[in-house]
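One structure is given below, encoded as structure tokens.
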Amino acid sequence: MVVGDFPVEVDTLVVGAGPGGYVAAIRAAQMGQKVTIADKGDLGGVCLNVGCIPSKALISASHRYENANHSDDMGITAENVSVDFSQVQKWKSGVVNKLTTGVEGLLKANKVDIVKGEVYFVDGNTAKIMDEKNSQTYKFNNCIIATGSRPIELKPFPYSDRVLDSTGALNLSEIPEKLVVIGGGYIGSELGTAYANFGTEVTVLEGTDDILGGFDKSMTSIVKRRLKKKGVNVITNAMAQGVEEKKDGVTVKYEVDGKEETVDADYVLVTVGRRPNTDELGLEQAGIELTDKGLIKIDKQCRTNVSNIYAIGDIVEGPPLAHKASYEGKIAAEAISGESSEIDYLGIPAVAFTDPELASVGYTEDAAKEDGYDVKVAKFPYAANGRALSLNDTDGFVQLVTRKDDGLVIGAQVAGANASDVIAELGLAIEAGMTAEDISLTIHAHPTLGEMTMESAEVALGMPVHVPK
């Protein structure tokens, strides 16, 4: 860090180098701004270092192990399949390192100045960036805040060597024999599935009546069926009460139907949500307004009540998703440059990398009806798709939600293999204002999972070819 008696002056200061911040910094630099990006952690933020990327790497490795052990029906058998978990972790870290190194290269290529340290606002045009030894004042014309979020810690479950947040679960040095997961959202379900694939006995404690809230029950039912097959015990309407830590494990107390129960495990993973990182930035010094949830209030250009300060990602309203943060980062950078860019999306894809994968964009059937739309739901099963059959992975479906009067696609859901990829076309269809007829007239390559998008559109039109009308 450069230290001097005089402030460093920049056009735009970006606070936070996650998928929102680094994208904002690059776009701002591309538009001619002199940009400094600051973060007390590693480039790439939670997503690249301890979230999206390492979790998907771990999930991918677990599927390889599971497939090696369970491909008998395809005529493939393997004996004495083993896991060197230290090598798995080493490989996972290599994936992360490639991406974070890539981010650094992209920032430097765009002449973005990278500073490591904590940021604290002095006023609406000034901030101090501090590391363990030094402090430097920065004067900025504009600022984009992208500090992300952190796991919520439950008072009865303080984090320790045996009580883990998602970061701790991703960095275990061993495959647990038994694992308790508190919270059946997408993080808990993904990591619980990964360790179950490796052979861990997993118990999921979910406080509501179903896991993976936000997804249709027709989708979550497929995941629950797969979890049961893996030996995962999902307990819903279960309220975690506390934990007793031992030298070699934990005993978790929970209540269900008014009765107290316990379960023993090597570790307990707590995944009950995240809270915005807005509490240690000195935002009050800059006069920035927050909601009662600690989120920063913004307008359609991601501008806060302080006209030269913008906020994006997990610290503003909306789902805490990396791709939403990146989208908003571009909007903020362009707005600073005088462009008319503003938040204008019709749907943000949501994906759970469970088994099978779940993905949704735009309206669900229930949400559409609640908003007064008269809709038609068209569903095409994976079991009728040639590519899914050849993958030996036929659980699931592609579903379109269309307006009855004109066939406009306003929502879509995918449950099944590679749902995270299949959903992209459906998101584009919604953003482009396409109808079911538009999709059905688009020639799709065969044999692919993507064909099911066309097939579901034909179901919506009442003229399906590969399923009974």
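All residue numbers in this chain count up from 1 along the given sequence. Scope of the values below: all heavy atoms of this structure, side chains included, with no hydrogens, waters or symmetry mates.
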| request: Tell me, with the steps shown, if Arg226 and Asp393 meet salt bridge (Lys or Arg N to Asp or Glu O under 4.0 Å). | output: CA-CA 12 Å; Arg226 289 271 186 101; Asp393 202 347; 2.7 Å; yes
| request: Determine, stepwise, if the pair Ile410 / Arg403 fulfils side-chain contact (heavy atoms from CB on, under 4.5 Å). | output: CA-CA 7 Å; Ile410 62 173; Arg403 287 196 313 214; 4.1 Å; yes
| When you look at Glu431 and Val361, which way does the side-chain contact (heavy atoms from CB on, under 4.5 Å) test go after all the steps? | CA-CA 10 Å; Glu431 289 290 348; Val361 63; over 6 Å; no
| said: Set out, in order, the CA-CA distance, both residues' side-chain angles and the distance that settles side-chain contact (heavy atoms from CB on, under 4.5 Å) for Arg274 and Val46, then state yes or no. | reply: CA-CA 12 Å; Arg274 303 181 66 83; Val46 168; 3.8 Å; yes
| field | Pair Leu449-Leu391, side-chain contact (heavy atoms from CB on, under 4.5 Å): steps then yes or no | value | CA-CA 10 Å; Leu449 297 176; Leu391 290 170; 4.2 Å; yes
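Checked by atom type, the side-chain pair His466/Glu451 shows no donor-acceptor distance below 3.5 Å. Judged by distance alone, the side chains of Gln87 and Lys90 never bring a donor and an acceptor atom under 3.5 Å apart. For the 3.5 Å distance criterion, the side chains of Gln413 and Thr364 fail to qualify, holding no donor opposite an acceptor. If you check the side chains of Asp210 and Thr220, you find a donor sitting under 3.5 Å from an acceptor.
Minimum interatomic distance between Ala412 and Ile430 (heavy atoms only, all atoms of both residues): N-CD1, 4.3 Å. The two residues Ile343 and Ile298 have their closest heavy-atom pair at CD1-CD1, 4.3 Å. Of all heavy-atom pairs spanning Ala417 and Tyr382, the tightest one is O-OH, 2.7 Å. Contact detail for Ile439 and Ala429: the closest heavy-atom pair is CD1-CB, 3.9 Å. Ile222 approaches Gly396 most closely through the heavy-atom pair CD1-CA, 3.7 Å. Among all heavy-atom pairs drawn from Leu43 and Thr100, the shortest one is O-CG2, 3.2 Å.
In summary, Arg275 and Glu153 do not engage in a salt bridge, as defined by a charged side-chain N under 4.0 Å from a carboxylate O. Taking a cutoff of 4.0 Å between a charged side-chain nitrogen and a carboxylate oxygen, Lys324 and Asp314 do not qualify as a salt bridge. Remark: Arg150 engages Asp279 in a salt bridge, criterion side-chain N to carboxylate O under 4.0 Å.
The backbone N or O of Lys56 lies less than 3.5 Å from no partner atom in the side chain of Ser60, so there is not a single donor-acceptor pair. Listed for the Ser341 side chain is no donor-acceptor partner under 3.5 Å among the backbone atoms of Ala335. Checked by atom type and distance alone, the side chain of Asn385 pairs as donor or acceptor with a backbone atom of Ala388 at under 3.5 Å. Without hydrogens or angle criteria, Tyr22 side chain to Leu107 main chain gives no donor-acceptor distance under 3.5 Å. Of the possible polar contacts, none joining the Gln399 side chain to the Val377 backbone as a donor-acceptor pair under 3.5 Å is found. Side-chain atoms of Glu458 do not come within 3.5 Å of backbone N or O of Ser440 as any donor-acceptor pair. With hydrogens and angles ignored, the 3.5 Å screen pairs no side-chain donor or acceptor of Glu334 with any backbone N or O of Ser340. In this structure, Asn308 contributes its side chain and Cys143 its backbone to no donor-acceptor pair below 3.5 Å. Looking at His323, its side chain does come within 3.5 Å of a backbone N or O of Pro349 through a donor-acceptor pair. With hydrogens and angles disregarded, no donor-acceptor distance shorter than 3.5 Å links the side chain of Thr200 to the backbone of Ala196.
For the atom pair CG (Leu408) and CG (Leu400), the distance works out to 11.0 Å, reported to the nearest 0.5 Å. Between Ile145 atom CD1 and Leu281 atom CG the span is 6.5 Å, to the nearest 0.5 Å. To the nearest 0.5 Å, atom CD1 of residue Ile211 and atom NZ of residue Lys224 are 6.5 Å apart. In this structure, CG on Leu269 lies 8.5 Å from OH on Tyr159, to the nearest 0.5 angstrom. Here the CG atom belonging to Asp216 is positioned 9.5 Å from the OG atom belonging to Ser221, to the nearest 0.5 angstrom. Annotation: the span from Glu104 atom CD to Ile37 atom CD1 amounts to 11.5 Å, rounded to 0.5 Å.
Side-chain contact between Val115 and Tyr138 is present, with at least one heavy-atom pair separated by less than 4.5 Å. In this structure, the side chains of Asn305 and Ile288 come closer than 4.5 Å at one or more pairs of heavy atoms. Residues Val234 and Val232 form a side-chain contact, since some pair of their non-hydrogen atoms from C-beta on lies under 4.5 Å apart. Residues Val272 and Phe157 form no side-chain contact, since every pair of their non-hydrogen atoms from C-beta on lies 4.5 Å or further apart. Between Phe140 and Thr36, the closest side-chain pair of non-hydrogen atoms is not below 4.5 Å. Under the 4.5 Å side-chain criterion, counting only non-hydrogen atoms from C-beta, Glu339 is in contact with Met31. With contacts defined as side-chain heavy-atom distances shorter than 4.5 Å, the pair His63/Asn197 qualifies. Between Lys34 and Asn141 the shortest side-chain heavy-atom distance does not fall below 4.5 Å.
Under the salt bridge (Lys or Arg N to Asp or Glu O under 4.0 Å) criterion, the residue pairs touching residues 370-387 are Asp374-Lys404, with sequence neighbours excluded.
With a 6.0 Å radius and a threshold of 12 heavy atoms from other residues, nucleotides or ligands, Glu201 has its CD atom at or below the threshold. Few gaps surround CD1 on Ile76; more than 12 heavy atoms of other groups in view lie less than 6.0 Å from it.
For Asp292, there are no side-chain hydrogen bond (donor to acceptor under 3.5 Å, both in side chains) partners at least two apart in sequence or on another chain.
Note: Phe85 and Phe198 have perpendicular aromatic rings, judged against thresholds of 30 and 60 degrees for the angle between ring planes.
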